[in-house]
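What follows is a set of notes on a single structure, which appears directly below.
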Amino acid sequence: MSDLIEGYIGKTTNGKKSRIPAKLDYIQSLTGGFLAIFMWGHMMMVSSILVSKDFMYYVTKFLEGSFIIDGGSPLMVSIFVFIVFVIFVVHAALGMRKLPSNFKQYQVLKAHTKSIQHQDTQLWGYQAFTGFVMFFLGSIHLYIIMTNSADIGPYASADRVWSEWMWPLYIALLLAVEFHGTIGLYRLCIKWGWFDGKDPQATRKRLKKVKWALTGFFLTLGFAALIVYMKIGMEHADKVGEKYVPTSMIKEAK
Ligand code: HEM
């Protein structure tokens, strides 16, 4: 019996302290940090549509490796998405350890959160909820992009958003990702003491301001891009499947 209890408090059954929970936390931070930074890059690429259709087309070709292979290859994108997908699954699996696993645990957590009125504990609650949402929505998006990597571009993406009904999913995913990612980065800074300086409490306040600013920035950028994809998708609805031809190629053909 005592072996069993010790097992629960992080010791192995032979009485030694186990380092595994700490190692898993470390991997969770590493994968979460990677995904959050990746999402900043991702939102920048997605919002290339705000500049022009031509610009988004060339960004897509660049990601297909047009600088190495003539004309680029969508396979490069599929391989990259697969790697991101694996990291996403590892991160989600490690996050799952922290979620309440039955109604009683959920009640205790809720009562505790309410009683201590601690902002960072509330943030943890939002992160757990948005993480749960992403299990489903993130997986759908990653699988579709991985298996349809040849269909990324000004018209193909806009058709997916509008004619293939991805926009409702993207609205929910965008909200979940942006809150989850910035809260996650904030928590990383607090957990590992980055930027602590001489006055960790003052740093915490400043970090929280930066966190909200980043959430606001990426939500604005993301929704602006989504509106543009929806508009292009509506205008292109009767030509679904037609690929975008950049202006320079039309000029060459003339
Ligand atoms: C390598 C992996 C990924 C690639 C190549 C990729 C690619 C894309 C592309 C091309 C779009 C534009 C719409 C479309 O074509 O359907 C898009 C939108 C979006 N992606 Fe990803 N994505 C990746 C990973 C992720 C991940 C991990 C998440 C979050 C879990 C995510 C969240 C979103 C959201 C929220 C949108 C809508 C953004 C907006 O319209 O403003 N993506 N993605």
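Counting convention: from 1, in listed order, for ligands and their atoms alike.
The distance criterion of under 3.5 Å between nitrogen or oxygen atoms is not met by D151 with respect to ligand 1.
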List the steps and the verdict of side chain to side chain donor-acceptor pair (under 3.5 Å) for Y58 and S248.
-> CA-CA 11 Å; Y58 287 114; S248 60; 2.6 Å; yes
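Excluding waters, the protein N/O/S atoms found under 2.8 Å from atom 21 (Fe) of ligand 1 are H42 NE2, H141 NE2.
The closest approach between a heavy atom of F85 and any atom of ligand 1 is not below 4.0 Å. Taking 4.0 Å as the cut-off, M166 does not count as a neighbour of ligand 1 on heavy-atom distance. For the pair M45 and ligand 1, no heavy-atom separation below 4.0 Å is found.
Other cluster members for Y106: F103, joined by side-chain heavy-atom distances under 4.5 Å among Ile, Leu, Val, Met, Phe, Trp and Tyr.
When only non-hydrogen protein atoms are considered, atom 16 (O) of ligand 1 lies nearest to Y170 OH, 2.5 Å. Counting only heavy atoms of the protein, atom 29 (C) of ligand 1 lies nearest to V177 CG2, 3.3 Å. Taking atom 28 (C) of ligand 1 as the reference point, the nearest protein heavy-atom neighbour is M39 SD, 3.5 Å.
Near R160, with a cut-off below 4.0 Å to any heavy atom, the atoms of ligand 1 are 14 (C), 15 (O), 16 (O). Those atoms of ligand 1 that come under 4.0 Å of a heavy atom in F80, given as number and element, are 1 (C).
In this structure T147 satisfies the side chain to side chain donor-acceptor pair (under 3.5 Å) test with no other residue, sequence neighbours excluded. Residues passing the ring pair (Phe, Tyr, Trp, His ring centres under 6.0 Å) test with W212, sequence neighbours excluded: none.
In this pair, F135 and F132 present their aromatic rings perpendicular. The plane angle is above 60°, beyond the 30 to 60° band. Aromatic ring orientation, F62 versus F67: tilted (interplanar angle from 30° to 60°). Taking the six-membered ring for Trp and thresholds of 30 and 60 degrees, F38 and H42 have ring planes inclined between 30 and 60 degrees apart.
With a 4.0 Å cut-off on non-hydrogen atoms, I152 touches ligand 1 through its side chain and not its backbone.
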